[in-house]
Each structure stands twice: as C-alpha cells, then as structure tokens.
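Working notes, structure below.
For the single chain, residues carry numbers from 1 onward in sequence order.
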Amino acid sequence: MTPTRIRFLVALAVIASAIGWGAVQLIQGQTGRMIPVPWTAAWTMWILAVALLIWGLLSRPRLLRKPGTRPMPPLVAARTAALAMAASRTGSLVAGFYAGIAIGAFPARATEAGNSTMWAAMVTMLGSILLAAAALWLERMCRLPSKPDEDQRPGSRRAVPRSEPGGVGARVRSGL
C-alpha cells in the first residue's frame with residue numbers, strides 16, 4: 001500500500017463537487033425544487049469523524065510502541081491502515097459532493113428550503129473534511145518505520161534523520 005496523497009483526495013473532492021452541483025442544477029431545472037439535505041447526514045459524518053479520531057487517539061500509544069503498552073498486532077494495524085485509507089477517500093468524496101450541493105443551493109438561500117439545504121450541506125462538508133483529516137492522521141501513524149538494511153541497498157535512498165536538512169520534512173515538501 002502506498003500512502004494516500006492529498007492531491008488525490010483533492011481531485012476526488014473536485015470531481016464529486018461537480019457531480020453535486022450538477023445534481024442541484026438538474027433537479028432544480030426539472031422540478032423547480034431544491035435537493036433536500038437531511039441534518040442526519042451532517043450528524044453521521046461528524047459521528048464518524050469523532051469515532052475515527054477516538055480510535056486514533058486510543059491506538060496511538062500501541063502503534064508507536066510507547067513504554068507500558070502492548071504493541072498492536074500486525075493484522076489489526078493493517079486493518080486500521082485500510083480503514084484510514086477508506087475513510088480518507090470517503091470523507092473526500094462526501095465533502096466534495098456536499099460542497100457542490102452547497103454551491104448550487106447558494107443562489108436559493110433566500111428561500112427556506114434553499115437556506116436549509118445550504119447550511120446542512122456545509123455542516124456535512126465540514127464533518128467530512130474532519131473525517132478525511134482524522135483518517136490521514138491515522139494512516140500516517142500506521143506507517144511502518146523504514147528498516148536500516150533496506151535503506152542501504154544500492155539504488156535506494158539513504159535514511160536521513162529528521163534533524164538533518166534532507167530529513168523527513170524535506171522529502172515531504174519536495175513531493176517524494
């Protein structure tokens with residue numbers, strides 16, 4: 001598994017927002033009504049985001065092998081990483097879709113239905129962004145540390161400590 005790239009999540013969100021905006025335009029053009037966005041959608045995304053955040057907070061000491069904790073079994077860590085990857089993609093798609101609905105409902109905000117739809121879509125979008133952020137954080141915690149013998153093979157990059165100029169932060173900024 002390769003780490004999730006933020007560019008990929010942004011691309012998913014942009015595509016989903018175009019679909020959401022198109023759905024609003026299609027429904028409004030055909031029926032003259034606004035797409036109803038239930039507040040339960042917003043609550044669901046916020047509950048999922050908080051649950052994933054709690055799982056990450058409870059798993060962090062075990063994943064980082066802090067003293068006094070039992071290490072997480074490899075299978076559970078792999079499942080946690082898969083959950084994090086799925087949640088980041090889901091959060092990105094849902095955030096984009098509801099952003100598109102909010103943008104499409106913005107001109108109709110003077111009506112009660114348009115205003116309700118816009119605010120419910122925005123709150124759902126924010127919960128979905130929080131879900132994606134929590135998932136990215138959890139996925140990062142699940143990464144395996146690089147082994148020194150693998151980094152010293154011919155053709156591979158040398159392991160650079162975080163404190164050196166070419167450390168982990170420099171590789172992230174350069175897109176590697």
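- Here the side chains of Gln28 and Met34 are in contact, with some heavy-atom distance below 4.5 Å.
- Although no hydrogens or angles enter the test, the distance criterion places no donor-acceptor pair under 3.5 Å between the side chain of Ser88 and the main chain of Leu136.
- Side-chain contact between Ile101 and Thr124: absent, with no pair of heavy atoms (C-beta onward) separated by less than 4.5 Å.
- For the pair Arg62/Pro71, no side-chain contact is recorded, criterion being any heavy-atom separation below 4.5 Å from C-beta on.
- In this structure, Thr111 contributes its side chain and Ala108 its backbone to a donor-acceptor pair below 3.5 Å.
- A distance-only check finds no donor-acceptor pair linking the side chain of Ser59 to the backbone of Gly56 [under 3.5 Å].
- Both cation-pi conditions hold for Arg109 and Phe106: the charged atom is under 6.0 angstrom from the six-membered ring centre and inside a 45 degree cone around its axis.
- Shown here for Val10 and Ser92, the closest heavy-atom pair between the two residues is N-OG, 4.4 Å.
- Not one N or O on the side chain of Trp119 forms a donor-acceptor pair closer than 3.5 Å with the backbone of Ala102.
- Looking at Val123 and Tyr98, their side chains never come closer than 4.5 Å, going by heavy atoms from C-beta outward.
- Ser17 places no side-chain N or O within 3.5 Å of a backbone atom of Gly100 that could act as its donor or acceptor partner.
- A donor-acceptor contact shorter than 3.5 Å links the side chain of Thr69 to the backbone of Lys66.
- Leu52 has its side chain within reach of Leu83: a pair of non-hydrogen atoms, C-beta onward, lies under 4.5 Å apart.
- Heavy atoms of other residues, nucleotides or ligands lying less than 6.0 angstrom from CH2 of Trp39 number more than 12.
- Heavy atoms only, all atoms of each residue included: Ala84 and Ala135 are closest at O-CB, 3.2 Å.
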